[in-house]
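Just below is one structure, and these are the notes that go with it.
Throughout, numbering of the chain's residues begins at 1 and tracks the sequence.
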Amino acid sequence: MTSDTPARRRARVFSRRRGAPSRARRRLGAAVRMLAALVLAGGVYTAFTPGAFAEDNVQLSAVAREGKALYDTSCISCHGRDGQGVEERGPSLIGVGSASVEFQVGTGRMPMTRQEAQAEEKPRQFDDAQTEQLGQYIQELGGGPELPEGALVEDLEAKPDALARGGELFRVNCTSCHGFGGGGGALSSGKFAPALHDATAEEIYAAMLTGPQNMPVFGDNQLTPDQKKQIITYISVQLQDDKDPGGLFNLGRYGPSTEGMAIFLVGITLLVFTSLWIAGKS
């Protein structure tokens, strides 16, 4: 039997150390694997979300080129080159889509005259064709929600239950801010929910898609396109055609509360005067 000398023991230890990776090599390998995983995740994210940023040297359509000319003269000072936004002046427009332009520009809220708590509706500065051109430019620049084609108000002869379903959806999702009669209401910090009496179907649909100001975004996961059209049908037919859901009288269009108070006060006053008249006659 061969004796286990100190020299042989040292040789075996050195052999094991040469065969096993060192701590520094293990750390370096882990770092390389982590970096590769991050690069792979970033590549997958970029591939599946191309609308998260503006493309360089994007080829614009003829309509979008007209919109870019309008953008460069009226919007670039606040929203920056290629819609990237300007800090403390205007947000980025990448990913907002043409629906946001339809709402903001189509109602005169943009361009804003000054920084306020909320952009208020005012006379529009761009006509329908120019608004469409601006919207097409923003859409091709960074993508985002678009208004669907076709009618946005349901045909009640073809879908007679659309009005009732739209009323249910409106009461659940909209009345807390816009009121039961669509008259609007005050919010915090100087903001407010606007009245819906003069809003077009396109404006309402675009607002649900984009969530302007304090309004939440109602994507297709929250409200399907058919449900959005049902809400618009209810607003158009029930609230905008001089029909008060609260009763007979147009007392602010806030529903039965104001009418009940008015009837109570008028009734009490009539009863008091009637009692005085009867007492005077007797």
Side-chain angles (χ1 to χ4, degrees), residues 51 61 63 96-109 121 124 126-136 138-140 143-185 193-213 215-256 259:
S61 64
V63 176
V96 302
S98 60
S100 181
V101 179
E102 290 283 346
F103 178 83
Q104 299 288 359
V105 178
T107 60
R109 289 176 167 86
E121 186 175 1
R124 54 192 300 184
F126 300 97
D127 57 26
D128 291 339
Q130 292 172 324
T131 302
E132 181 182 356
Q133 292 166 356
L134 280 169
Q136 186 64 30
I138 297 302
Q139 185 68 40
E140 295 185 15
E146 300 177 88
L147 290 179
E149 297 181 357
L152 299 180
V153 179
E154 298 283 14
D155 183 359
L156 295 181
E157 293 184 0
K159 298 181 179 180
D161 62 338
L163 186 62
R165 292 184 180 276
E168 293 176 359
L169 292 168
F170 180 85
R171 287 187 287 273
V172 170
N173 297 283
C174 312
T175 55
S176 59
C177 294
H178 294 282
F180 282 91
L196 302 175
H197 302 151
D198 299 324
T200 65
E202 290 75 16
E203 291 171 8
I204 299 171
Y205 202 107
M208 286 191 284
L209 279 180
T210 61
Q213 310 289 191
M215 182 171 175
V217 176
F218 292 99
D220 291 345
N221 293 330
Q222 289 78 29
L223 291 174
T224 66
D226 287 340
Q227 290 176 324
K228 292 184 178 73
K229 292 179 181 179
Q230 290 168 358
I231 292 176
I232 294 173
T233 301
Y234 175 77
I235 295 172
S236 301
V237 175
Q238 188 67 35
L239 302 184
Q240 294 182 344
D241 291 346
D242 294 329
K243 296 178 181 179
D244 292 287
L248 298 176
F249 307 107
N250 186 1
L251 300 176
R253 302 178 73 103
Y254 292 113
E259 295 182 357

Original post:
Is a side-chain donor or acceptor of Gln136 paired with a backbone partner of Gln133 at a separation under 3.5 angstrom?
Top reply: no
Original post:
Val101 and Gly135: which non-hydrogen atoms are nearest, and at how many Å?
Top reply: CG1-N, 3.6 Å
Original post:
Does any N or O in the side chain of Gln240 come within less than 3.5 Å of the main-chain N or O of Leu196, such that one atom is a donor and the other an acceptor?
Top reply: yes
Original post:
Side-chain contact, heavy-atom cut-off 4.5 Å: Met208 with Ile232?
Top reply: yes
**OP:** Kindly give the heavy-atom pair with the smallest separation between Leu223 and Lys228, and that separation in Å.
**Re:** O-NZ, 2.5 Å
**OP:** Determine the minimum heavy-atom distance between Leu147 and Tyr205, stating which atoms define it.
**Re:** CD2-CD2, 3.8 Å
Original post:
Can you name the residues that form a side-chain hydrogen bond (donor to acceptor under 3.5 Å, both in side chains) with Ser98, not counting sequence neighbours?
Top reply: Gln139
Original post:
Do Arg165 and Thr233 have side-chain heavy atoms sitting under 4.5 Å apart?
Top reply: no
Original post:
Can any side-chain N or O of Thr224 pair as donor or acceptor with the backbone N or O of Asp220 at less than 3.5 Å?
Top reply: no
Subject >> N/O donor-acceptor pair under 3.5 Å between His178 side chain and Ala195 backbone >> reply: no
**OP:** Measure the shortest side-chain to side-chain distance between Pro212 and Gln104 over non-hydrogen atoms and say whether it is less than 4.5 angstrom.
**Re:** yes
Subject >> Heavy-atom pair with the smallest gap, counting every atom of Tyr234 and Leu163 >> reply: CA-CD1, 3.6 Å
**OP:** Kindly say whether Asp127 contributes a backbone atom to a donor-acceptor pair with the side chain of Gln130 at under 3.5 angstrom?
**Re:** yes
**OP:** Spell out, as yes or no, whether a donor-acceptor pair under 3.5 Å connects the side chain of Glu140 to the backbone of Ser61.
**Re:** yes
**OP:** Name all residues meeting the side-chain hydrogen bond (donor to acceptor under 3.5 Å, both in side chains) criterion together with Thr107; count only those two or more places apart in sequence or in a different chain, and write none if there are none.
**Re:** Arg109
Subject >> Distance-minimising heavy-atom pair for Ala162 and Leu156 >> reply: CB-CD2, 4.1 Å
